[in-house]
Number of protein chains: 2
Amino acid sequence: MTIKTRSAKIKSSEPPARNREATRTRLIEAVGNLLAREGFRAVGINAVAREAGVDKVLIYRYFGGMKGLISSFGQEGNFWPTMKELAGGDIDAFMSLPLAERASQMISNFMHSLRKRPITQEILAWEMIEQNEFTTELDIIRENMMKRFVESFMPCDELGIDTDAEGAIIGGAINYLVIRSRNFSRFGSLNLGTEEAWERIEKAMRRIIFSLIKPQPLPETDRGVRG
Amino acid sequence: MTIKTRSAKIKSSEPPARNREATRTRLIEAVGNLLAREGFRAVGINAVAREAGVDKVLIYRYFGGMKGLISSFGQEGNFWPTMKELAGGDIDAFMSLPLAERASQMISNFMHSLRKRPITQEILAWEMIEQNEFTTELDIIRENMMKRFVESFMPCDELGIDTDAEGAIIGGAINYLVIRSRNFSRFGSLNLGTEEAWERIEKAMRRIIFSLIKPQPLPETDRGVRG
DNA sequence: ATTCAATATCACCGATGGGTGACAGTTGTC
DNA sequence: GACAACTGTCACCCATCGGTGATATTGAAT
């Protein structure tokens, strides 16, 4: 980088409009862009300010520092899948499905949603690595979301199974495989760079759900609704 | 830190013995110590040299840089569970178990092994976050190990299941939950800070394996051998 | 004792990080 | 017009990073 400080302005065409609110949103958006493009390691006062084309001191002034900015970003950002998305588009149709089918489809939809959301992936990765003022903030938001989902969709304490534990296993596996696949395609004998591998994982999860919830052969290749 | 550069020597009592081999091992051990104590983010030329109580230029001289040092560390470090450990101590006894029992116990043993190995956790976390000269090096070692395990222990292409995919799910879930639990104890409604939660996960995995491999009720609370 | 290579230390470079105080331009109010 | 409040810029501080060239210390061969 031979360019100087002012070069930051190149990136954002509009000149900072001497407008507090506009500058605030510029900064919040800069966090998202930086997360998606460079990953959470790049998220720092200097980098965010540079990305927004704004002086870093404004982060202190308007947000009280990076913690405040991250918090605002977490509140406004819609990087989590919606209920509707997890239900595959039609919540009513979804709710009328039998339990195993419902769980299986929700899992598939969650996996697809996560794979399409680089920012969400970045946040999950971040949470795995360090606990700091940023990640604790973001974790609370994530936990609330997960909680709402299971409460709305999965009221199943029937059977002899531990849905919380099984859910943690499936959810953890999805998070792990998606996050990891950004850097390494190979995991065991799967090539996570190929759609074929993801379909195998999807089917395997479906198989797990169905054999857990009702030990009987599962309907073949019914991929179900998806948003 | 008000102390100066030379303060590094405080940490390692023995004066650097003007001995190339000894210095090399000091550096390699410093990597492991630093990984365990501070995490991979702290692993850099400066920090490692400081930890070893040695000048950083020796890393360039003896290892050609950090990449070389990490590679040597990866080769010598025994941070992966051994075959024997995964088998629960007695390989022969282990191999004579029925398939589902074998898989279930190996999974439990792997989880316990990983939970006891902070350095291994750190490496897995590192691999999730970035791909660089260090992690690609370490990933090759990890993949080879995993490969050897499944080949030796799990020759099962029977049944209508996809063992690679199911293995990736279980393995991914273990890696995720263990790594994540270092920073956040809560995941969904589980409290990963408690042994109780881990036992629930263990049982859930056992339930998954048994219902996958042979759809019939599983033996209750048989924890099996463990190293 | 001198020479020479190996071992290890030191001092410095440029880049980047988070953080802060002083200053400049704009706007509205009295 | 004078003034204060607000928005934004700039210049600097100190710490750490990876990296390198010059130098000191040791030990062994001659």
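Each chain gets a letter, A, B and so on, in the order its sequence line appears, and its residues count up from 1.
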* Asked: With sequence neighbours left out, what residues match Tyr62(B) under ring pair (Phe, Tyr, Trp, His ring centres under 6.0 Å)?
  -> none
* Any side-chain donor near an acceptor of the partner, Glu122(B) and Trp126(B), under 3.5 Å -> no
* Structure fact -> Among the nucleotides dT9(C), dG18(C), dT9(D), whichever has the atom closest to the side chain of Val54(B) is dT9(C)
* To do: Starting from C1' on dG8(D), measure out to CZ on Arg26(A) and report it in whole angstrom.
  => 12 Å
* Between dT9(C), dG17(C), dT20(C), which one does the side chain of Lys56(A) approach most closely? -> dT20(C)
* To do: For Arg24(B) and dA6(C), give me the distance from atom CZ to atom P, rounded to whole Å.
  => 16 Å
* Asked: Going by distance alone, is a donor N or O of one side chain under 3.5 Å from an acceptor N or O of the other, for Thr135(A) and Asn132(A)?
  -> yes
* **Glu85(A) versus Ser113(A), side-chain donor and acceptor atoms under 3.5 Å** => yes
* Rounded distance in Å - NZ (Lys67(B)) to P (dG18(D)) -> 16 Å
* Does a side-chain N-to-carboxylate-O contact under 4.0 Å join Arg41(B) and Glu130(B)? -> no
* Compare side-chain N and O positions of Thr23(A) against OP1 and OP2 of dT7(D) and report whether any pair is under 4.0 Å apart. => no
* To do: Could you tell me whether the phosphate oxygens of dG27(D), OP1 or OP2, come under 4.0 Å of any side-chain nitrogen or oxygen in Arg20(B)?
  => no
* To do: Decide whether Thr136(A) and Asp139(A) meet the rule of one side-chain donor and one side-chain acceptor closer than 3.5 Å.
  => no
* Asked: Atom CG of Asp55(B) and atom P of dG18(D): how far apart are they, to the nearest Å?
  -> 14 Å
* Sequence neighbours left out, what passes ring pair (Phe, Tyr, Trp, His ring centres under 6.0 Å) with Phe184(A)? Give chain and number order. => none
Short N/O separations, protein against nucleotides 24-27 of chain C, under 3.5 angstrom:
{"unit_1": "dG25(C)", "atom_1": "N2", "unit_2": "Arg18(A)", "atom_2": "NH2", "d": "2.0"}
{"unit_1": "dG25(C)", "atom_1": "N3", "unit_2": "Arg18(A)", "atom_2": "NH2", "d": "2.6"}
{"unit_1": "dT26(C)", "atom_1": "O4'", "unit_2": "Arg18(A)", "atom_2": "NE", "d": "3.2"}

* Asked: dT9(C), dT9(D), dG17(C): which one has an atom nearest the side-chain heavy atoms of Val57(B)?
  -> dT9(C)
* Check whether any side-chain N or O of Tyr62(B) sits under 4.0 Å from OP1 or OP2 of dA6(C), and answer yes or no. => no
* **Proximal nucleotide (of dT9(C), dG18(D), dG8(D)) relative to the Arg61(B) side chain** => dT9(C)
* Asked: Within this structure, what is the CD-to-C1' distance between Glu38(B) and dC17(D), rounded to whole angstrom?
  -> 15 Å
* Report the distance from atom CG of Asn19(B) to atom C1' of dA8(C), rounded to the nearest whole Å. => 12 Å
* Arg50(A), nearest nucleotide to its side chain (from dG19(D), dA8(C), dG17(C)) -> dG17(C)
* To do: Look at the side-chain N and O atoms of Tyr60(B) and state whether any lies under 4.0 Å from the OP1 or OP2 oxygen of dT20(D).
  => no
* Are Glu195(B) and Arg115(B) ion-paired here, with the side-chain N under 4.0 Å from a carboxylate O? -> yes
* Neighbours of DNA chain D within residues 40-48 of chain B, by heavy-atom distance under 4.0 Å -> Gly44(B), Ile45(B), Asn46(B)
* Structure fact -> Taken in chain and number order and not counting sequence neighbours, the residues that satisfy salt bridge (Lys or Arg N to Asp or Glu O under 4.0 Å) with Asp55(B) are none
* Asked: Leu58(A) CG to dT9(D) P: how many Å, rounded?
  -> 6 Å
* Structure fact -> Residues at least two apart in sequence or cross-chain that pass salt bridge (Lys or Arg N to Asp or Glu O under 4.0 Å) with Arg200(B), listed by chain then number, are Asp162(A), Asp164(A), Glu196(B)
* Whole Å only: how far is the CD atom of Glu51(B) from the C1' atom of dT16(D)? -> 17 Å
